[in-house]
2 protein chains.
Amino acid sequence: MLPVDPLRDLPGYALRRASSAAMQKLSRELVPLDLRPSEASVLLVIDANANITQSEIGRMLEIAGANMAPLIGRLEKRELVERQPVDGRSQGLVLTAAGRALCARARKVMTSHEENLMARIPANQRAAFVAALQSLWDSDQ
Amino acid sequence: MLPVDPLRDLPGYALRRASSAAMQKLSRELVPLDLRPSEASVLLVIDANANITQSEIGRMLEIAGANMAPLIGRLEKRELVERQPVDGRSQGLVLTAAGRALCARARKVMTSHEENLMARIPANQRAAFVAALQSLWDSDQ
DNA sequence: TATTGTTATACTCTATAACTATA
DNA sequence: TATAGTTATAGAGTATAACAATA
């Protein structure tokens, strides 16, 4: 007798499995760049917002401050990011030349990843799909 | 100047944030039952498939065998699940009376959670939304 | 008082390797 | 040889608590 999967048709479970599969795939695609998805995301955010502080990044991406410190530390140690004092307690972050180069490669990987995901969904449903995801993302009440 | 979020409109990123928000919410809702989402899922699977083995559950839910052992161990220690030898190396799993009672409560929590999620999405888009998620879930190539 | 940045710590989920017992 | 179950271990993400320096 074939086993029954009582979770298969639950939207929340499908959401979890889809997200997990997509993240695993992206992680593998970023291996050649020696970046994790969270690190690549932070590079893109700094590139789009020169002199942003790490607490601002944390609020934007919902990464707790305690976890931003080692993440930024790794990027700084690899000389992808530089800190520039804003005031006595805040530091603006900017990409180095190497950081901009790696960010460009990361953007290509992520863009390609996104296109491959969306290719699975009928074109006329994509906008509704993303809108539905964004409405769930604020449902954490 | 307001910071720019270059990730906000990427479907894959929206997928990750939506999944993360939903999982955090479900985790909180399961706290009174002292169950994690993965434990609740396993209870539902055993309830729907008496005498299923833990390796079969692992294949269904994509939980590695190495991680099933401590998970089932916790459920057995709480006397929610019993092991019954199938052959020399396999054991069928069944719920105890306490396990069935807790499973029923977990099902209520999960069903309510699913309904609250879907309430955010227009009714005429829900089927397409779940179908899109299921097609992504197999995109881990 | 509140915020920024940081360290330390712990928990969950996940991943790999190695091992036994059995098929 | 392949599979079931287990143990140990490590990585990654996330969470809280605590602290110093600054606003």
Side-chain angles (χ1 to χ4, degrees), chain A residues 3 13 15-17 19-31 33-42 46 51-77 81-93 140, chain B residues 3 13 15-17 19-31 33-42 46 51-77 81-93 140:
Chain A
Y13 186 72
L15 178 62
R16 177 184 181 183
R17 290 290 294 266
S19 173
S20 166
M23 288 303 298
Q24 282 181 23
K25 183 163 164 289
L26 179 60
S27 289
R28 283 198 305 272
E29 291 165 346
L30 286 170
V31 164
L33 279 62
D34 194 19
L35 288 174
R36 305 171 197 171
S38 58
E39 292 169 341
S41 300
V42 166
I46 298 174
N51 283 297
I52 193 171
T53 66
Q54 72 184 52
S55 58
E56 286 174 317
I57 300 173
R59 278 189 294 271
M60 182 184 292
L61 303 184
E62 275 197 3
I63 301 176
N67 304 318
M68 285 299 302
L71 196 164
I72 299 295
R74 287 192 300 272
L75 298 178
E76 193 184 25
K77 193 172 180 183
V81 164
E82 280 178 354
R83 294 174 149 108
Q84 301 182 336
V86 171
D87 60 29
R89 63 181 179 179
S90 295
Q91 295 156 320
L93 300 173
D140 186 8
Chain B
Y13 186 73
L15 178 63
R16 177 184 180 184
R17 291 290 294 266
S19 173
S20 166
M23 288 303 297
Q24 282 182 24
K25 183 163 163 288
L26 179 59
S27 289
R28 282 198 305 273
E29 292 165 346
L30 287 170
V31 164
L33 279 62
D34 193 19
L35 288 174
R36 305 171 198 170
S38 58
E39 293 169 339
S41 300
V42 166
I46 298 174
N51 283 299
I52 194 171
T53 67
Q54 73 183 52
S55 58
E56 287 174 317
I57 299 173
R59 279 190 294 271
M60 182 185 294
L61 302 184
E62 276 196 5
I63 301 176
N67 302 320
M68 285 299 302
L71 196 165
I72 298 294
R74 287 192 299 272
L75 298 179
E76 193 185 23
K77 194 172 181 183
V81 164
E82 281 178 354
R83 294 173 148 107
Q84 300 182 337
V86 170
D87 60 27
R89 64 181 177 180
S90 297
Q91 296 155 318
L93 301 173
D140 185 9

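Convention: sequence-line order gives letters A, B, ...; per-chain numbering from 1.
Not counting sequence neighbours, the partners of B:Glu29 by the salt bridge (Lys or Arg N to Asp or Glu O under 4.0 Å) test are B:Lys25.
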So which protein N/O to nucleotides 12-15 of chain C N/O distances come out below 3.5 Å?
residue, atom, partner, partner atom, Å
C:dT12, OP2, B:Arg36, NH2, 3.4
C:dC13, OP2, B:Arg36, NH1, 3.0
C:dA15, OP1, A:Gln24, NE2, 3.4
C:dA15, N7, B:Asn67, ND2, 3.3
C:dA15, N6, B:Asn67, OD1, 3.0

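Spacing between atom CD1 of A:Ile72 and atom C1' of D:dG13 amounts to 16 Å, rounded to whole angstrom units. Regarding A:Arg83, its CZ atom lies at a distance of 4 Å from the P atom of C:dT6, rounded to whole Å. Separating the CD atom of A:Glu56 from the P atom of C:dT3 is a distance of 14 Å, rounded to the nearest angstrom. Summarising the geometry, the separation between CE on B:Met23 and C1' on D:dA15 is reported as 16 Å, rounded to the nearest angstrom. The CG-P distance, from B:Leu71 to D:dG5, rounds to 14 Å in whole Å. Rounded to an integer number of Å, the gap from A:Ile57 CD1 to C:dT6 P is 12 Å. In this structure, CE of A:Met68 is placed 12 Å from C1' of C:dT4, rounded to the nearest angstrom. Between the CD atom of B:Gln54 and the C1' atom of D:dG5 there is a distance of 6 Å, rounded to whole Å.
Distances shorter than 4.0 Å separate none of the side-chain N or O atoms of A:Ser90 from OP1 or OP2 on C:dT4.
Here the shortest heavy-atom pairing between A:Ser41 and B:Arg16 reads OG-NH1, 4.1 Å. Contact record, B:Gly92 with B:Val86: N-CG2, 3.2 Å, taken as the closest heavy-atom pair.
Among the nucleotides D:dG5, D:dT7, C:dT4, the one closest to the side chain of A:Arg59 is C:dT4.
Taking CG from A:Asn67 and CG from A:Leu61, the interatomic distance works out to 12.0 Å, rounded to the nearest 0.5 Å.
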Query - B/S/- contact track for nucleotides 18-23 of chain C, protein heavy atom under 4.0 Å - result: ----BS
